[in-house]
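Scroll down for the structure; my scribbles are underneath it.
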Amino acid sequence: MEITTRDLWTVVHGMGFGALFMLAFSAALAELYRLSTASGPYEPSGRGQTLLTFYLGAMVVLAWLAVFSGAYVIYPWYRAVPPEGLADLSEYPRRLLLSSGKTSEWHNIGMEWKEHVSWIAPIAISMVAYVFAKYGSAFAKVPHVRTAVLTFAVVAFVATGVAGAFGAFLNKYAPVRGGSVIILMGEQP
């Protein structure tokens, strides 16, 4: 069983940072909503507030790691330009997608949209974490701030979902491959 370094980075980027960030939303959105329900703002304990602040901070770190690893590690491999006259484009995902009318829209819409919208998630969740860390549960007592925090959290969630879905489909049609081979199990060559 083996994997290439580029495959490994793609897994770390998508299934490591991205998927963990996406999974963390379930608890974060539930807790932020619970703190600001219509029946009256809930006051968490000092420990609960510290825990949510830490949790949101960890989400910020995961979001930025996902975006930076995608933009500065995976994306240059995706955009690589093949040598003139090369027939096998499997090592050049962007060119592989653009080489067929059946797959070109995955780049024209999917990747072009993904490379821009993915930056929204870490920016939005950073704002959520900052506001909660600065104002604590008091954010729930000010309706406009509460609405803004919840809206930014939902925007970050949606942006992550869209970027992740496009990333999964793009990797299906034109995976980023190459690099040195890492033997996970079996005999070393």
Side-chain angles (χ1 to χ4, degrees), residues 1-36 44-45 47-79 93 106 110-137 139 148-185:
M1 190 162 76
E2 62 186 36
I3 189 169
T4 67
T5 53
R6 291 182 184 181
D7 287 329
L8 180 61
W9 270 106
T10 302
V11 168
V12 168
H13 160 71
M15 295 303 294
F17 304 137
L20 285 175
F21 177 61
M22 192 74 170
L23 284 171
F25 269 108
S26 58
L29 287 174
E31 187 64 12
L32 288 170
Y33 181 75
R34 186 170 73 106
L35 290 172
S36 58
S45 66
R47 183 173 184 262
Q49 187 169 327
T50 301
L51 184 61
L52 183 56
T53 301
F54 175 77
Y55 192 83
L56 291 170
M59 288 179 68
V60 168
V61 170
L62 285 170
W64 284 110
L65 285 172
V67 168
F68 285 147
S69 65
Y72 298 111
V73 177
I74 310 290
Y75 189 63
W77 294 327
Y78 171 83
R79 282 286 241 230
W106 280 111
M111 190 58 169
E112 293 297 330
W113 204 78
K114 175 184 168 47
E115 68 192 55
H116 294 94
V117 78
S118 62
W119 290 90
I120 293 171
I123 293 169
I125 201 67
S126 293
M127 183 286 269
V128 169
Y130 174 78
V131 169
F132 188 80
K134 183 157 179 77
Y135 299 104
S137 60
F139 89 92
V149 166
L150 290 172
T151 300
F152 270 76
V154 169
V155 164
F157 176 74
V158 170
T160 302
V162 170
F166 274 128
F169 288 126
L170 286 161
N171 197 50
K172 178 184 184 311
Y173 287 107
V176 174
R177 296 274 161 87
S180 57
V181 175
I182 301 167
I183 305 295
L184 301 173
M185 280 202 237

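It should be emphasised that the depicted structure is a prediction, and the values quoted were computed from it without experimental measurement.
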Between Lys114 (side chain only) and Ala163 (backbone N and O only), is there a donor and an acceptor less than 3.5 Å apart?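 Confirmed, Lys114 side chain pairs with Ala163 backbone.
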Does anything in [range] pair up under salt bridge (Lys or Arg N to Asp or Glu O under 4.0 Å), and if so which pairs, sequence neighbours excluded?
range            : value
residues 165-184 : Asp7-Arg177
residues 123-134 : none
residues 10-27   : none

Sequence neighbours excluded and cut-off under 3.5 Å, please list the side-chain donor-acceptor pairs for residues 70-78, or say none.
residue, atom, partner, partner atom, Å
Tyr75, OH, Arg79, NE, 3.1
Tyr75, OH, Arg79, NH1, 3.2
Tyr75, OH, Arg79, NH2, 3.4
Tyr75, OH, Glu115, OE1, 3.0
Tyr75, OH, Glu115, OE2, 3.2
Tyr78, OH, His107, ND1, 2.6

Residues forming a salt bridge (Lys or Arg N to Asp or Glu O under 4.0 Å) with Glu2, sequence neighbours excluded: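 Checked Glu2 against salt bridge (Lys or Arg N to Asp or Glu O under 4.0 Å); zero matches.
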List the atom of [X], the atom of [Y], and the distance in Å for their closest heavy-atom pair.
X      : Y      : value
Val67  : Pro122 : CG2-CG, 3.5 Å
Met59  : Ala24  : CG-CB, 3.6 Å
Gly110 : Leu170 : C-CD1, 4.1 Å
Val176 : Asn171 : N-OD1, 3.6 Å
Gly18  : Ala66  : N-CB, 4.0 Å
Gly179 : Thr5   : CA-OG1, 3.4 Å

Determine which pairs satisfy side chain to side chain donor-acceptor pair (under 3.5 Å) with at least one residue from residues 8-23, sequence neighbours left out, and list them in order.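 Qualifying pairs, neighbours excluded: His13-Ser69.
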Compare all side-chain heavy atoms of Val60 with those of Leu56 and state whether any distance is below 4.5 angstrom.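 When only atoms from C-beta onward are counted, Leu56 and Val60 do not touch, as no gap falls below 4.5 Å.
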Can you list the residues that meet the side-chain contact (heavy atoms from CB on, under 4.5 Å) rule with [X], with sequence neighbours excluded?
X      : answer
Thr50  : none
Met1   : Leu184, Met185
Phe157 : Met22, Phe25, Leu29

Gln49 and Phe132: CA distance, side-chain angles, deciding distance, side chain to side chain contact (heavy atoms under 4.5 Å, CB included) verdict: CA-CA 9 Å; Gln49 187 169 327; Phe132 188 80; 3.9 Å; yes
Nearest-0.5 Å distance that lies between atom [atom1] in [X] and atom [atom2] in [Y]:
X      : Y      : atom1 : atom2 : answer
Ile120 : Thr160 : CD1   : OG1   : 10.0 Å
Ile3   : Ser180 : CD1   : OG    : 11.0 Å
Leu23  : Phe21  : CG    : CZ    : 11.0 Å

Among all residues two or more places apart in sequence or in another chain, which pass the ring pair (Phe, Tyr, Trp, His ring centres under 6.0 Å) test with Tyr173?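 Tyr173: ring pair (Phe, Tyr, Trp, His ring centres under 6.0 Å) contacts with Trp106.
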Determine whether Ile125 and Leu62 satisfy the following criterion, side chain to side chain contact (heavy atoms under 4.5 Å, CB included), listing intermediate values before the conclusion. CA-CA 10 Å; Ile125 201 67; Leu62 285 170; over 6 Å; no
For atom CZ of Phe68, decide whether the heavy atoms of other residues, nucleotides or ligands shown that lie under 6.0 angstrom number more than 12.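 It does: Phe68 CZ has more than 12 such atoms within range.
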Check residues 148-156 and write down every donor-acceptor pair under 3.5 Å in which the side-chain atom is one partner and the other belongs to a residue at least two apart or another chain.
residue, atom, partner, partner atom, Å
Thr151, OG1, Thr147, O, 2.7

Going through the distances and angles, do Thr4 and Ile182 end up as a side chain to side chain contact (heavy atoms under 4.5 Å, CB included)? CA-CA 6 Å; Thr4 67; Ile182 301 167; over 6 Å; no
Residues that Trp64 engages under side chain to side chain donor-acceptor pair (under 3.5 Å), provided they are two or more places apart: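 Trp64 satisfies side chain to side chain donor-acceptor pair (under 3.5 Å) with Ser126 only.
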